[in-house]
Protein chains: 2
Amino acid sequence: MPVGLNDQEIHILGDVVSHKRRIPRGGYLHRTGIKFQSLFAIRSGFFKTCVLEEDGRQQVTGFHMTGELLGLDAISSDLHTCDAIALEDSEVCEIPFAKLEEISLVIPSLMRHFHKIMSREIVRDHGVMLLLGSMKAEERLATFLLNLSRRFLMRGYSESEFNLRMTREEIGSYLGLKLETVSRAFSKLQDEHIITVDNKRIQINDIARLRLKMGNSSCVT
Amino acid sequence: MPVGLNDQEIHILGDVVSHKRRIPRGGYLHRTGIKFQSLFAIRSGFFKTCVLEEDGRQQVTGFHMTGELLGLDAISSDLHTCDAIALEDSEVCEIPFAKLEEISLVIPSLMRHFHKIMSREIVRDHGVMLLLGSMKAEERLATFLLNLSRRFLMRGYSESEFNLRMTREEIGSYLGLKLETVSRAFSKLQDEHIITVDNKRIQINDIARLRLKMGNSSCVT
DNA sequence: AAAATAGTTTGATTCAGATCAATTCAAATC
DNA sequence: GATTTGAATTGATCTGAATCAAACTATTTT
């Protein structure tokens with residue numbers, strides 16, 4: 001699910017076209033409507049991306065961590081179509097897109113890799129569509145936690161204990177739920193001893209049962 | 001919103017790498033899990049793409065018409081991650097992906113165009129996420145109809161009168177609603193004289209008011 | 001340390017959409 | 001033309017999540 005570059009690949013890119021940039025917690029990496037110049041590879045930190053309608057409706061479209069690539073949506077129109085906001089102090093590596101395309105022509109494997117990354121983003125979005133379109137609140141939260149868990153694991157962190165960088169409201173926006181519903185779903189999972197919640201700190205006690213939660217809407221507990 | 005190639009571009013591709021294929025109504029263009037070889041440009045007809053979970057849950061991830069490109073999701077893993085099913089007799093042009101990547105290296109503008117198409121797909125998906133995450137039934141249907149309308153218009157058909165190729169259930173799956181809810185939303189829009197519904201035949205009588213429906217959840221009719 | 005602010009939890013109530021059920025309608029098939 | 005089958009509409013009821021509201025906790029700011 002996550003759109004990732006491995007360390008080595010970040011370096012390959014980094015050697016050729018790099019420009020480090022620090023974004024403090026709460027800062028914007030890019031805003032909707034500004035001109036697109038570069039993709040951004042996250043070197044450290046945590047971001048959310050969100051789109052907002054004219055009428056003020058907001059939707060978090062993703063949470064992004066180390067190794068992931070931001071800005072893919074902006075290629076189509078040369079304008080950023082969403083905001084990217086740091087949820088903790090972060091560092092990104094700027095990749096001028098025109099240069100990336102140039103280099104792709106001489107390093108076909110880079111091009112191929114880039115295509116895979118874009119495609120993976122599409123697959124990820126389809127997964128979110130499935131979640132938003134057909135899952136219940138508790139299933140959504142379980143899916144969300146397991147996804148985070150896996151991504152932390154892949155980065156060498158604990159898969160069973162981590163702390164959330166985002167608020168209940170942001171989780172709710174991403175999952176198509178209100179913050180109260182998110183909070184209740186957390187409490188319910190805790191009551192069933194599947195997870196332990198201490199504010200932002202999450203401990204997964206029974207990952208197998210959490211997985212069951214994800215899959216079976218018909219499973220009456 | 002639609003991921004499109006213009007006629008000329010289809011021809012450029014068609015001249016170099018083409019293989020026409022006919023898919024009858026109800027036929028599969030590709031299935032989840034089969035090996036990815038080619039992208040498919042729709043020359044005529046109408047498709048739906050859908051993902052399904054192990055537990056049988058299904059979600060329509062898109063409806064696709066002439067000029068659009070199918071198979072982008074499969075690049076990431078070399079396997080198709082969704083089914084593509086023809087909703088009417090259709091014709092596609094097969095584009096072996098390996099060849100497309102090769103050619104991209106010598107026609108940079110083709111590569112650039114391809115990147116824009118992939119990016120547009122991501123933007124489209126974000127739009128659907130916004131819809132699924134924050135809109136009410138009626139708003140979803142209005143958004144859906146306006147999107148279809150625009151795409152028909154772009155292809156030289158009437159923007160105000162067209163017939164749906166998909167069932168209420170398929171619309172519902174795409175919009176995250178049950179078929180009964182879709183039907184009721186149609187009826188409501190008809191009662192308000194915004195559209196006229198005769199089974200699959202849709203006539204938009206007041207496109208401006210339909211647009212209003214899309215935007216304002218707070219608008220009390 | 002106190003005050004202010006932002007975020008979280010929990011309860012009570014409401015409501016949009018799901019579910020269940022019964023017709024109606026349309027299109028294949030015989 | 002009659003029959004079967006799949007799709008659509010409409011009504012009645014139920015329910016999961018939204019909304020409203022209050023209390024509580026953590027984090028900044030002063």
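Below, read A as the first sequence line, B as the second, and so on, with proteins coming before strands; counting in each chain starts at 1. Just so you know, these numbers come straight off a predicted model, no measurement behind them.
A cation-pi contact, defined as under 6.0 Å to the ring centre and within 45° of the axis, links A:Arg168 to A:Phe186.
Nearest nucleotide to the B:Lys178 side chain, out of C:dG7, C:dA18, D:dT28: C:dA18. Nearest nucleotide to the side chain of B:Thr167, out of C:dT8, D:dA8, C:dA16: D:dA8.
Within 6.0 Å of atom NZ in B:Lys178, 12 or fewer heavy atoms from other residues, nucleotides or ligands are found, so the atom counts as exposed in its surroundings.
Ionic pairing of A:Arg120 and A:Glu68 is not present here: no N-O contact between side-chain nitrogen and carboxylate oxygen is shorter than 4.0 angstrom. Between B:Lys213 and B:Glu138 there is a salt bridge, since at least one side-chain N of the basic residue sits less than 4.0 Å from a carboxylate O of the acidic one.
When each of B:Glu169 and A:Ala137 is assigned the nucleotide of DNA chain D bearing its nearest heavy atom, the one mapping closer to the 5' terminus is B:Glu169.
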List, with names and distances, any nitrogen or oxygen atoms from the protein found under 3.5 Å away from nitrogen or oxygen atoms belonging to nucleotides 9-12 of chain C.
unit_1, atom_1, unit_2, atom_2, d
C:dT9, OP1, A:Arg168, NH2, 3.1
C:dT9, OP2, A:Arg168, NE, 2.7
C:dT9, OP2, A:Arg168, NH2, 3.4
C:dT9, OP2, A:Ser183, OG, 2.9
C:dT9, O5', A:Ser183, OG, 3.2
C:dT10, OP2, A:Ser187, OG, 2.5
C:dG11, N7, A:Arg184, NH1, 2.9
C:dG11, O6, A:Arg184, NH2, 3.1
C:dA12, N6, A:Arg184, NH2, 3.4

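Atom CG of A:Leu141 and atom P of D:dG16 are 17 Å apart (whole Å). Between the NZ atom of A:Lys136 and the P atom of D:dA18 there is a distance of 14 Å, rounded to whole Å. Between A:Asn163 atom CG and D:dA26 atom P the separation is 14 Å, expressed in whole Å. Counting to the nearest Å, the C1' atom of C:dT8 and the CE atom of A:Met166 are 16 Å from each other. One can place CD1 of B:Ile171 at 11 Å from C1' of D:dA8, the figure rounded to the nearest angstrom. Rounded to whole Å, atom P of C:dA16 lies 14 Å from atom CZ of B:Arg140.
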